[in-house]
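Notes follow once the structure below has been shown.
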Amino acid sequence: TTTVTGVQVLAAQPGIFTYVGPNGKLYGAVIRGVDGSYVTPSNLARRGETYFLVATGLGQTTPQASTNAAGTGQTVNNQVIVGIQNVGMPVVSVQYVAVGVYYVGFQIPIDATQGVDQNLAIGEVVGGQTVYDNQGALLPGVQ
C-alpha cells in the first residue's frame with residue numbers, strides 16, 4: 001500500500017459532463033428521455049419533458065458502488081438539485097450508471113422560461129450545505 005498526503009477527499013463534488021458546441025460555448029451533456037437524443041443547439045429541450053443530466057462526483061450510493069463494476073440500480077445517498085436559468089427543476093431520479101458517471105433525471109416544467117444558452121447547474125446537499133458545480137455550463141435552450 002501507498003500513503004498519499006495532501007489530497008483532499010470530499011463527500012461530493014458534483015460536476016456536469018460537458019462538450020464544446022459548434023459556437024464555441026460549453027454545454028452540459030443532457031439527454032432527452034423520450035428518444036435518447038442529446039440536447040444541442042439544433043435540438044433544444046422542450047418544456048414538460050423529462051431529461052437526464054450526465055454528471056460525476058455525486059458520492060456514495062445505496063447499495064454501495066464497487067470498483068470495476070457497472071451501476072446496477074444504485075441511487076445517490078444525498079439530495080441532488082438541478083437548476084436551469086437559476087430556477088430549480090424537479091429531480092425525479094439519480095442513478096449511478098458506471099464508474100464516475102451518474103444520470104440525474106429531471107423535468108422541465110411546462111411554464112419554464114424559453115430561450116437559448118441558459119445557465120445549467122447541479123448541486124448536492126451534504127451535511128446541510130449545498131455543494132455546487134462551478135463549471136458554468138449552459139443548456140443549449142428550452143422551447
Side-chain angles (χ1 to χ4, degrees), residues 1-21 23-41 43-142:
T1 63
T2 301
T3 301
V4 178
T5 60
V7 176
Q8 187 177 19
V9 177
L10 303 171
Q13 187 62 54
I16 300 170
F17 280 74
T18 59
Y19 67 95
V20 177
N23 52 13
K25 296 179 181 178
L26 188 65
Y27 292 114
V30 177
I31 302 167
R32 186 172 179 228
V34 172
D35 62 10
S37 65
Y38 280 94
V39 177
T40 66
N43 185 32
L44 301 181
R46 296 179 181 106
R47 298 185 298 176
E49 292 188 2
T50 299
Y51 290 86
F52 296 93
L53 176 63
V54 185
T56 191
L58 299 183
Q60 290 297 323
T61 62
T62 299
Q64 186 171 350
S66 59
T67 303
N68 297 325
T72 55
Q74 291 100 329
T75 58
V76 172
N77 293 344
N78 297 314
Q79 179 186 4
V80 175
I81 299 165
V82 172
I84 297 175
Q85 207 62 8
N86 302 316
V87 176
M89 299 291 120
V91 173
V92 296
S93 66
V94 183
Q95 296 286 316
Y96 172 81
V97 294
V99 177
V101 180
Y102 302 80
Y103 284 169
V104 180
F106 67 95
Q107 292 178 327
I108 298 178
I110 198 72
D111 61 352
T113 301
Q114 292 180 291
V116 297
D117 295 340
Q118 296 189 10
N119 294 323
L120 178 64
I122 187 170
E124 185 170 354
V125 180
V126 179
Q129 298 292 321
T130 305
V131 179
Y132 289 98
D133 164 67
N134 62 0
Q135 286 183 295
L138 298 171
L139 182 69
V142 175

### ring-ring contact (aromatic ring centres under 6.0 Å, His included) partners of Phe106, counting only residues at least two apart
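In terms of ring-ring contact (aromatic ring centres under 6.0 Å, His included), with neighbours along the sequence ignored, Phe106 is linked to no residue.
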
### Under the ring-ring contact (aromatic ring centres under 6.0 Å, His included) test, residues paired with Tyr19 that sit two or more places apart
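Partners of Tyr19 under the ring-ring contact (aromatic ring centres under 6.0 Å, His included) test: Tyr27.
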
For the atom pair [atom1] ([X]) and [atom2] ([Y]), what is the distance rounded to the nearest 0.5 Å?
X	Y	atom1	atom2	value
Ile108	Met89	CD1	CE	7.0 Å
Gln118	Asn86	CD	CG	10.0 Å
Tyr51	Tyr103	OH	OH	16.0 Å

Residue pair [X] / [Y], side-chain heavy-atom distance below 4.5 Å:
X	Y	value
Val30	Leu53	yes
Ile122	Val80	yes
Ile16	Val54	no

Mind listing the closest non-hydrogen atom pair of [X] and [Y] along with its distance?
X	Y	result
Ala45	Leu139	CB-CD2, 4.3 Å
Ala12	Val126	CB-CG2, 3.8 Å
Ala55	Val104	CB-CG2, 4.3 Å

### Listed once per pair and sorted, the side chain to side chain donor-acceptor pair (under 3.5 Å) pairs that draw on residues 123-132, sequence neighbours left out
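Sorted pair list: Asn78-Glu124.
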
### Query
Has the side chain of Tyr102 got a donor or acceptor atom that lies under 3.5 Å from a matching backbone atom of Gly59?
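Yes: the side chain of Tyr102 pairs with the backbone of Gly59.
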
### Query
Backbone N or O of Tyr38 within a donor-acceptor pair of the Asn43 side chain at under 3.5 Å?
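Pair found, side chain donor or acceptor close to backbone of Tyr38.
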
### Query
Pairs in or reaching into residues 28-37: which pass salt bridge (charged side-chain N to carboxylate O under 4.0 Å, His left out), with residues at least two apart or in two chains?
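Those involving residues 28-37 are Arg32-Asp35, Arg32-Glu49.
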
### By salt bridge (Lys or Arg N to Asp or Glu O under 4.0 Å) - contacts of Asp111 (at least two apart)
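Not a single residue meets the salt bridge (Lys or Arg N to Asp or Glu O under 4.0 Å) criterion with Asp111.
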
### Task
List for me each residue that meets side chain to side chain donor-acceptor pair (under 3.5 Å) alongside Asn77, sequence neighbours excluded, and say none if there are none.
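Listed in chain order: Thr62.
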
